Number of protein chains: 2
Amino acid sequence: MPPSSTVENYLKEVYLGVGRLPAGATLLPMGQLASALGVAPGTATTMVKALAESGLVDYEPYNGVRLTAAGTRLAATVLRRHRLVELFLVQVMGMRWDEVHDDAEHLEHVVSDRLIDRIDEMLGHPETDPHGDPIPGKEGTIRERHFETLLTCPVGTRVVVARVSDQDPVFLRFVERHGLKPGQVVSVEARDEVADAVQLRGADETLFTLGARAASKLLVDVTPEAAAAATPAAGRSAAPRR
Amino acid sequence: MPPSSTVENYLKEVYLGVGRLPAGATLLPMGQLASALGVAPGTATTMVKALAESGLVDYEPYNGVRLTAAGTRLAATVLRRHRLVELFLVQVMGMRWDEVHDDAEHLEHVVSDRLIDRIDEMLGHPETDPHGDPIPGKEGTIRERHFETLLTCPVGTRVVVARVSDQDPVFLRFVERHGLKPGQVVSVEARDEVADAVQLRGADETLFTLGARAASKLLVDVTPEAAAAATPAAGRSAAPRR
DNA sequence: ACGGCGATTTTGACTAATCAAAAATACAAC
DNA sequence: GTTGTATTTTTGATTAGTCAAAATCGCCGT
Ligand SMILES: [Mn+2]
Ligand SMILES: [Mn+2]
Ligand SMILES: [Mn+2]
Ligand SMILES: [Mn+2]
């Protein structure tokens with residue numbers, strides 16, 4: 001039997017949750033999983049025990065949960081569907097990047113292999129979704145690149161936004177308004193630890209400030225090649241990735 | 001709370017089932033509903049009673065079930081989503097008309113209003129799906145035209161296939177192979193009651209025979225305007241409807 | 001070593017949807 | 001009318017997923 005939407009959501013959230021863990025940690029605490037899924041803590045515990053039975057996760061009581069190889073494979077295909085659908089909705093259906101997440105959240109559970117392959121093909125086998133998140137390969141392979149953030153990248157250099165790690169429409173629109181979509185160029189003018197903020201200069205030379213929390217959500221590519229490739233098109237158009 | 005997929009499927013099937021009832025009848029027997037949905041008879045009974053509670057159907061024990069106005073509205077929006085999705089998959093995604101039904105069966109429950117409106121717009125507010133089934137309007141209005149079938153239409157006249165009332169991929173491919181997709185022209189050469197078959201002449205002049213059961217699944221437009229409009233393109237291409 | 005407290009697990013209960021099998025019903029045939 | 005059969009309904013159980021609240025656990029600070 002195919003995994004239920006619920007199982008798919010749990011696995012996906014374990015994958016994403018583990019990814020956001022502080023360096024070193026590999027076990028996602030149940031509380032975090034529960035709140036990411038919007039269920040009561042006890043519900044997550046029960047469900048995770050069942051997933052462990054099925055060999056999809058490793059579960060250490062009181063410590064947390066992590067995906068097995070099988071679980072990772074499954075999470076990857078869900079993520080692949082989610083992200084291909086998002087990109088499809090933006091690129092083909094002309095929807096805005098801030099409104100596609102919710103649709104994808106549902107569609108990810110029902111698009112058939114046939115259909116997802118057509119989408120993948122139609123989009124030219126893309127590597128990242130509209131938010132810069134990597135699209136897992138057909139066989140469940142995920143290549144997560146490591147990025148700096150606007151909080152950690154070198155000051156004074158032109159960097160290219162690679163990924164925005166927050167799906168909130170309000171935040172995404174804010175990001176767009178300031179020319180910080182994936183593919184766009186920006187540079188950190190100054191960083192003020194005390195004020196908890198960073199001074200930025202956009203592609204159009206405008207200056208603006210971001211709080212640390214927001215700045216840390218913007219992952220950037222600091223390699224010179226990225227800056228070179230991105231420079232030409234400075235506008236707000238559909239972000240040219242890679 | 002939005003209706004569950006299960007509720008949507010029940011309402012849709014009641015709508016379709018009532019439509020297939022012998023002239024005069026308006027109540028769909030539980031057995032038929034159950035087998036259309038692939039559930040046990042008792043399951044259908046229980047569910048229908050609940051739907052009656054919610055005011056979506058009228059239920060007469062031992063007689064059958066029929067949609068209320070509210071139920072019809074809901075069934076129509078599900079059918080609208082189903083059929084728009086089917087046409088979209090064929091027209092935009094390049095899928096074959098015999099393989100889109102299953103995908104649509106799942107997608108019909110998760111495509112958002114926003115997305116279905118984009119699809120509708122992108123397709124130019126189409127009136128029929130790839131099988132010739134009418135697409136209900138945004139407000140839940142369904143205009144079911146009445147058609148003859150290859151079993152009842154006049155002999156010797158050119159008629160235009162309007163609708164194919166069987167989603168079985170094998171049947172659909174058969175129909176396509178013989179040039180009987182919606183929009184294509186055909187004429188009944190002879191009808192043999194005893195042999196339980198009809199002799200047909202396709203647009204390319206080839207002759208072939210269809211059993212009565214199959215012939216009755218092909219709904220045709222017998223008006224001269226239809227024949228005139230359809231004549232130019234005789235090929236097997238994407239059926240030009242209306 | 002001992003509280004205390006936040007996080008986690010356990011318990012008991014509930015809802016939606018389903019099935020198998022028994023009971024009831026309608027109706028047609030005799 | 002009585003009877004037989006097919007259809008429908010009822011009954012009792014099951015599964016997936018969930019919650020609230022009680023019980024338990026781990027660990028930090030004293
Ligand atoms: Mn989801
Ligand atoms: Mn995304
Ligand atoms: Mn369906
Ligand atoms: Mn159809």
Side-chain angles (χ1 to χ4, degrees), chain A residues 1-14 17-18 20-22 24-66 71 74 78 105-106 108-110, chain B residues 1-14 17-18 20-22 24-66 71 74 78 105-106 108-110:
Chain A
M1 342 291 88
S4 67
S5 302
T6 304
V7 167
E8 293 190 340
N9 282 332
Y10 272 80
L11 296 177
K12 194 184 62 167
E13 224 52 66
V14 172
V18 167
R20 283 189 227 103
L21 247 31
T26 74
L27 280 173
L28 180 69
M30 298 312 264
Q32 268 171 59
L33 177 59
S35 85
L37 289 163
V39 299
T43 304
T45 299
T46 311
M47 191 65 200
V48 161
K49 280 204 280 193
L51 294 176
E53 268 325 293
S54 323
L56 294 169
V57 302
D58 287 330
Y59 169 52
E60 296 185 13
Y62 293 102
N63 286 334
V65 61
R66 134 186 71 224
L74 235 163
V78 179
E105 203 56 55
H106 297 291
E108 65 186 358
H109 308 294
V110 298
Chain B
M1 336 298 88
S4 67
S5 302
T6 304
V7 167
E8 293 190 341
N9 282 333
Y10 272 80
L11 295 177
K12 194 184 62 170
E13 225 51 67
V14 171
V18 167
R20 284 188 227 103
L21 249 29
T26 74
L27 279 173
L28 180 70
M30 297 314 260
Q32 268 171 58
L33 178 60
S35 86
L37 288 163
V39 300
T43 304
T45 300
T46 311
M47 190 66 199
V48 161
K49 281 205 280 194
L51 294 176
E53 269 326 292
S54 322
L56 293 169
V57 303
D58 288 330
Y59 168 53
E60 295 184 14
Y62 291 102
N63 287 335
V65 61
R66 134 186 69 226
L74 234 162
V78 179
E105 203 56 55
H106 297 290
E108 65 186 358
H109 308 295
V110 298

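A note on names: the letters A, B, ... follow the listed sequences, proteins ahead of strands, and every chain is numbered from 1. Predicted, not measured: the structure shown is a model, and the values here were computed from it.
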Please give me the minimum heavy-atom distance between A/Val14 and A/Val65, naming the atom from each residue. CG2-CG1, 4.2 Å
Shortest non-hydrogen contact from B/Gly71 to B/Leu11? O-CD1, 4.4 Å
Least distance between heavy atoms, B/Ala34 atom then B/Ala44 atom: CB-CB, 3.9 Å
In short, side-chain hydrogen bond (donor to acceptor under 3.5 Å, both in side chains) pairs touching residues 31-57 of chain B with sequence neighbours left out are none
Sorted by first residue and then second, give each side-chain hydrogen bond (donor to acceptor under 3.5 Å, both in side chains) pair with at least one member in residues 1-12 of chain A; sequence neighbours left out. A/Glu8-A/Arg81, A/Glu8-A/His109, A/Asn9-A/His109, A/Lys12-A/Glu105, A/Lys12-A/Glu108
Could you grab the distance from atom CG of B/Leu28 to atom OH of B/Tyr59, nearest 0.5 Å is fine? 12.0 Å
Scoring nucleotides 1-21 of chain C by protein non-hydrogen atoms under 4.0 Å (B base, S sugar-phosphate only, - none) yields -------SBB------SSB--
Here the gap from B/Asp58 atom CG to B/Thr26 atom OG1, rounded to the nearest 0.5 Å, amounts to 9.0 Å
I'd like to check the salt bridge (Lys or Arg N to Asp or Glu O under 4.0 Å) partners of B/Glu13; sequence neighbours left out, ordered by chain and number. none
Shortest non-hydrogen pair, A/Val57 vs A/Val48, comes out as CG2-O, 3.8 Å
Anything under 4.0 Å to a heavy atom of chain B counts; send over the first and last such nucleotide of DNA chain D, read 5' to 3'. D/dT8 to D/dT10
Heavy-atom pair of closest approach, residues B/Leu74 and B/Pro3: CD2-CG, 3.8 Å
Angle between terminal axes - the helix from C/dA1-D/dT30 to C/dC30-D/dG1, 5 pairs each end, rounded to 10°: 10°
